[in-house]
Peer 1: 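Sharing a structure here in structure tokens format.
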Amino acid sequence: MMNWFRNKSKPSSGKDELTLKELLSKCRASKDFISFEQSDVYTVSYYKSMVDTATVHRDVLPILNLDPSQSLDYLKKILPVESVLVTGDITKIQSRLLNGNILIQKPLTNKCLLVPAVSKEKRQITIPENEYTVLGPKESFVESLETNLNLLRKRLPIPELYVKELIVGRLTKTKVVVVYIEGIANEDIVNTAIDRISNIDIDQVIDTTYITQMIEDNNNSVFPQLIETERPDRVAGVLSEGKIAILCDGSPSAVTGPTTLVEFFSAFEDYFLTWHVASFFRLIRLFAVSFSVLSTPLYVAVLTFHFEMIPEDLLYTLISSRSGIPFPPIIEAIILELTIELLREAGSRLPSKVGQTIGIVGGIVIGTAAVDAGLTSNVLLIVVALAALASFTTPVYKMSNTIRLLRFPFLLSAQLLGLMGIAICFAFILVHLLKLKSFGSPYIGPVYPLRLRDLKDALFRLPFSQQTVRPFTVLSEKPVRFNHKHHAEKQPDKDIDE
Amino acid sequence: MLPKPAENKQVSAYFVFYIISTMQIGVGILGFERYISRDAGNDAWISIILSGVSIHVLVWIIYQILKTGQHDIFTIHRNLFGKWIGGSLNFFFVLYMIMFGIITLRSFVEVIQVWMFPDMNTWYLSMIILVIVYLAVLGGFRVIVGLSLLSILYGLPLLLLKWFPLKQAHYYYLEPIMNHSLSDLFKASKTMTLNYLGFETLFFYFPFIKEANKSQKWAHLGVVFTVCIYLFTGLVSFVYFSKEQLSHTIWPTLSLWQTVDLPFIQRFEYFGLSIWLFVILPNICMHAWAASRGLKQLFSLKQKKGLVLVLLIIFIASLFLTDRQEVDMATTIVGKIGFYVVYLYIPFIYIYQLIQSKVRKKA
Amino acid sequence: MKKALLWFIFVVLLFSGNTVEKTVLEDVQLVSIYGYDFVNKNTIKGIISSPVIPLVENTPPKSTVFAAKAHTSKNTRQKLQGESPEPLVLGRLEALLFNDKLAKHGIMPVVSTMSQDPSLGRNVHMAIVDGSVQEMLEAKYPVTDTSSQYIQDLLKHNSKNILPRYTNLHSFVDLYHNVGQDPVLPLLVHTKDRIRVKGIALFDGDKYKGFVPYADCFVFKLLYENFNNGMYEFKVNGHFVTIENLASKVKEEFINDQPSPKMIIKVRIKGKITDAPGLLLTKKQVKNIEDHLTYVLSAKGKSLVGRFQKMNIDPLGLVVKAGSQDRHLNKEKWEKEYYRTLPVDIKVETEITQSGTVE
């Protein structure tokens, strides 16, 4: 049942064949379809909205006017445009026509000439907004697949960078590409990805996230199993680690995999900073995650069941902040957590300037008002606000959503069985994580199966000189990245002041 | 006879270390000091080592049996004793595993009822834990091994907490060394053996180890590790409690956790017990897994169905043990059975197997 | 579908089967001190001090005192529950106090019920009160907000200087059960608006027998355990000298020469002169002070041990320590028969480091 997307039969290519005439009459129903006769011989037709009119006027029409008697094959030779096609295949004609080709017909032949003249409407390359870094490159992907591939090839100018194209989506006919480095990426993983993508049966693919959701190993899991990124440098980085990337036309993000849980908590900026700082930040982030998930549940558990655990001095602070509040801790916590979620959701739906105001107004005004009105305790307000803040330190957007969602089952179980409830909830999640895979690789990565070697770039980020091998998760065909020993030998051990 | 598991279902040899030590550490470690100091007093730590040594011998024997048989105990039984006798022995081993599952689960629930939630129903926590076990075992052997590994990772930091009672320790409680007779020490060692039980699950998961014949050193290291943990735990209790008070303390480890006094947390036993869930989880999982695998072998029942059956039996049986006395009694009985299984039955199979292979060679 | 149904049943059971009682922090009456007063031979009075946290923030907490008479300690708790607005819980009990008259009749019945209660911690302070516990708890003290806070802080910091370091529930029960050693507890006394440490209460088993006066507590602690605090004042040639203890170590040595076994308590103390008015601290003079200190301490120690032997109590655990050095020693027999007449020698080694502040 889980894999119903994959198991359905492939889209049937043998749909009812149209004749060229029928096709054209269908097209004419649209206002932006143009068809006219040129030089009394050729019929030229195209979608005005898809075609770059400059190409039509500059390159195509003058050639047609030269010599009306020439065959289509001759025209193909002299047209100053690449990948011109002469064909009678109706499906090809249809797809090309719809992708911005000019159709040129000549009477008495059932073949026709297709001249690509696509008008490329695209956004400028901008700086990454969601994965902004202070250091490092500031390019981000745009909606055009070709531009995105260009950004990648610039960073990896090697012929081994393979790009496999697939078309997905009954209606959208989206181009999806699988990018990997031949000889480094594991072939099985590449094949798995290609298989899964080609097994997708869906009518529309709007974004890479569609693809992600359909090729993930377990799409009923709250945990994302593939990382989406808008940074070409990150994609280039993971490609050279031996992972694969999936891009799709019309989407400014790439999906990379296989991944492990800890990778979701490593920002790409970690690689731009010195290793001490980067390792410290990673540990901070891991702490932030656990704090974010566990702090409110712990508050509820301790206040509802285990007041003995609170040291005496803290106890009085807690009692005085709690006294006079009409709700039990769980209700108080849920109200506050939902308020925070509400603020976040409102802030992200509104235009950015309004959103900021909402954040500030909500945070300050509602928070203090709730405390003043005696609806919540100020201790909990601090805890919840910090927890919300901590959840935003997660660099991958999808994961930070997951973390915020996870808090609620923990809250409920804390209310049921206190600390034991939290442990039980954790056990459920742990069992789930142990079973989870990302493109067939174990999800909780270097911890289980335990790979001490991979821990160098998981909980910490040790210097590059230590990272001489590719992570085990990717099962790389060429595990060694570079030979650092060679470099190290050059510097003999020098004594002081030598 | 079940086929050998596929390679991607197997785990590397070094995981035997984690599995062995996790299986040996369960609810018993929370309260073993009292039983062994009853006989050996301040010398009980010697018994911990003594019985640890005997476990090494048994692990060695188990490896000899398994290396010769090259399969799990179910298949070895069948090969040695034929379909009917072997089958009934297998059935006994399935029951043996189920019994251990019941004891582990019920004593954990018992501890929780005494220390955390006196008014909690037995079925409530049992049900929740068994659902987790069900989900985990569905994931197969690899998931159980993962839980074992993580249980060690979570459990180890708890040892740091021994620092708090050590501040109040009386080291002269350990002296004079060796003031008990050898027979006392052996009596305590016998009691101690019950805590070390669990290593015999090796019989069941052996085929799931990659290059299983080479994993023996990891098994021994695992036992050494367990002995160290028991020794350390025991020593801390022996210097913190006088022998007389220890005899009044049912769960010394939990009492020791009560002494924790940090600026942000006190009374660590609530926390410790919650973490303890992760220590007993792989135990119950392994028992349920082994039992359901045995059922599959015996009755060619699908393991998924066998698992449900095993868990239901564990669940219902744990409801029949209503109070502390009954749990204690059941633990003693199962402990005795376990004692005879490891000390009599295991050497017996070893010798039987030796003789049979000699006879076959001649023939 | 079947799966979903099973999960649904599980979730329903999860919420409906939960019978665990919730003790929400503000819905319980915390007990911070539990005390017992003597009424008559069969009746005791249980007194509890419970913090009352005012609703207004940043106002100091107050404490309130409940008292009830009953025949057993459990029953006092039952009666006290009848007075309390919220259920009384012992989870955060900080100290356990006993009236000295009550303590004379033995406190173990009370202590053992307390120590069997898993909701109590191991670190609950214990002390004996010379006088009425109720009066001590009910009195107002200008030094702290609540009496319970006062008692806790007092016990905590004095356990570094003159009182035994651990006099909590665990150590009392442990020493009570331990054959060959008797427990000790701090002895507190209540004067108008102060609480004072009066000395160290001595026990025979669980029965209060007498106390070491405050002036001798330092010497007692020297013999009792290693520590590195505290001051001691003594006379040298008519001048008072105060030394500060920098580090003291105590070690018992048991020489089991039949027929006359012997116990030697070796004390090494490293001290610093903090005050010596009228004395010129030459090397010779310092040596003189050292000799005096040695003499004074061993004499005081001997008289303390002699007193313990006369009372037939063993707060220093000499029998336990003898037992730990001789594997054939029968502790029960020794405690009963030989302890009173065991010759105890005290050897003190002093080392006074010359310090900068006094010349």
Side-chain angles (χ1 to χ4, degrees), chain A residues 188 218 261 290-291 294-295 297-299 301-315 317-318 410 412-414 416-437 440-452 455 459 472 475, chain B residues 8 11-12 14-15 17-18 108-109 111-113 115-117 120 124-125 127-129 131-140 142-154 257-258 260-282 285:
Chain A
D188 290 339
N218 179 355
L261 184 62
S290 18
F291 182 84
L294 293 176
S295 58
L298 279 178
Y299 175 88
V302 170
L303 256 65
T304 319
F305 292 100
H306 318 292
F307 65 88
E308 295 98 331
M309 293 178 69
I310 315 167
E312 205 191 6
D313 302 337
L314 192 61
L315 194 69
T317 320
L318 275 176
F410 271 106
L412 283 181
S413 46
L416 285 179
L417 281 178
L419 282 179
M420 185 46 79
I422 294 179
I424 285 168
C425 192
F426 194 64
F428 269 106
I429 288 171
L430 197 66
V431 167
H432 173 70
L433 284 177
L434 277 168
K435 289 198 224 170
L436 210 56
K437 302 211 155 165
S441 292
Y443 189 59
I444 52 172
V447 182
Y448 177 71
L450 192 62
R451 310 271 177 215
L452 291 178
L455 282 177
L459 305 180
F472 193 85
L475 298 166
Chain B
N8 64 354
V11 295
S12 308
Y14 70 93
F15 278 115
F17 173 85
Y18 299 104
F108 181 68
V109 175
V111 177
I112 299 295
Q113 280 170 333
W115 285 82
M116 274 175 106
F117 305 122
M120 185 181 61
Y124 187 67
L125 191 58
M127 173 190 78
I128 299 174
I129 292 177
V131 168
I132 303 174
V133 170
Y134 175 72
L135 291 175
V137 178
L138 276 191
R142 288 183 60 102
V143 171
I144 300 174
V145 178
L147 281 176
S148 309
L149 169 72
L150 291 172
S151 94
I152 299 251
L153 289 185
Y154 293 139
W257 282 342
Q258 285 195 316
V260 171
D261 181 7
L262 290 168
F264 51 91
I265 187 175
Q266 287 179 344
R267 306 288 299 282
F268 204 81
E269 73 270 21
Y270 297 107
F271 216 89
L273 275 176
S274 309
I275 294 178
W276 216 253
L277 174 71
F278 295 98
V279 176
I280 62 125
L281 207 54
C285 286

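Lettering follows sequence order; numbering is per chain, from 1.
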Peer 1: For A:Leu417, is it the side chain, the backbone, both or neither that has a heavy atom under 4.5 Å from a heavy atom of chain B?
Peer 2: both
Peer 1: Where do B:Pro263 and A:Pro311 come nearest, in terms of heavy atoms and distance?
Peer 2: O-CG, 3.1 Å
Peer 1: Measuring heavy-atom distances to chain B, does A:Val302 have an atom under 4.5 Å in its side chain, in its backbone, in both, or in neither?
Peer 2: neither
Peer 1: Can you see which heavy atom on A:Ala423 is nearest to which on B:Ser274, and at what distance?
Peer 2: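 Smallest interatomic distance, heavy atoms only, reads CB-O, 3.3 Å.
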Peer 1: To the nearest 0.5 Å, what is the distance between CD on B:Gln266 and CD on A:Glu312?
Peer 2: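 Separation between the atoms: 8.5 Å.
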Peer 1: Given heavy-atom pairs under 4.5 angstrom as the criterion, report whether the side chain, backbone, both or neither of A:Leu419 touches chain B.
Peer 2: both
Peer 1: So what's closer than 4.5 Å to chain A heavy atoms on B:Val260: side chain, backbone, both or neither?
Peer 2: neither
Peer 1: Check whether A:Leu433 gets within reach of chain B through its side chain, its backbone, both or neither, counting any heavy atom under 4.5 Å.
Peer 2: neither
Peer 1: Which value, rounded to the nearest 0.5 Å, describes the distance between A:Leu450 atom CG and B:Tyr18 atom OH?
Peer 2: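 These two atoms lie 5.0 Å from each other.
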Peer 1: Measure B:Leu262 against the heavy atoms of chain A and call it side chain, backbone, both or neither at under 4.5 Å.
Peer 2: backbone
Peer 1: Give the minimum heavy-atom separation between A:Ala427 and B:Leu281, together with the two atoms involved.
Peer 2: CB-CD2, 3.9 Å
Peer 1: Under 4.5 Å between any side-chain heavy atoms of A:Ile424 and B:Leu125, yes or no?
Peer 2: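 A:Ile424 vs B:Leu125: side chains touch.
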Peer 1: Where the side chain of A:Tyr448 meets the backbone of B:Arg142, is there a donor-acceptor pair that is under 3.5 Å apart?
Peer 2: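 Confirmed, A:Tyr448 side chain pairs with B:Arg142 backbone.
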Peer 1: Checking B:Leu147 against chain A: side chain, backbone, both or neither under 4.5 Å from a heavy atom?
Peer 2: both
Peer 1: Once you round to the nearest 0.5 Å, how far does CD of A:Glu308 lie from CD of B:Glu269?
Peer 2: 7.5 Å
Peer 1: Just so I understand: if I count every heavy-atom pair under 4.5 Å between each of B:Val11, B:Ile129, B:Val145 and chain A, which residue has the most?
Peer 2: B:Val145
Peer 1: How are the rings of A:Phe426 and B:Phe278 set to each other: parallel, tilted or perpendicular (split at 30° and 60°)?
Peer 2: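 Ring orientation, 0 to 90° scale: perpendicular.
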Peer 1: Report the distance from atom CE of A:Met420 to atom CZ of B:Phe108, rounding to the nearest 0.5 Å.
Peer 2: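 Nearest 0.5 Å value for the CE-CZ distance: 3.5 Å.
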Peer 1: Given that the side chain runs from C-beta out, which part of B:Leu277 has a heavy atom under 4.5 Å from chain A: side chain, backbone, both or neither?
Peer 2: side chain
Peer 1: CZ/A:Phe428 to CG/B:Leu135 distance, rounded to the nearest 0.5 angstrom?
Peer 2: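 Between atom CZ of A:Phe428 and atom CG of B:Leu135 there are 6.0 Å.
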Peer 1: Measuring from B:Tyr270:OH to A:Met309:CE, what's the distance to the nearest 0.5 Å?
Peer 2: 9.0 Å
Peer 1: At a 4.5 Å cut-off on heavy atoms, which part of B:Phe15 comes close to chain A: side chain, backbone, both, or neither?
Peer 2: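 Contact with chain A involves the side chain of B:Phe15 alone.
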Peer 1: For B:Phe117 and A:Phe305, take the angle between the two ring planes, folded into 0 to 90°, and tell me which bin it lands in: parallel under 30, tilted 30 to 60, perpendicular over 60.
Peer 2: perpendicular
Peer 1: Are the side chains of A:Leu430 and B:Tyr154 in touch, meaning some heavy atoms are under 4.5 Å apart?
Peer 2: yes
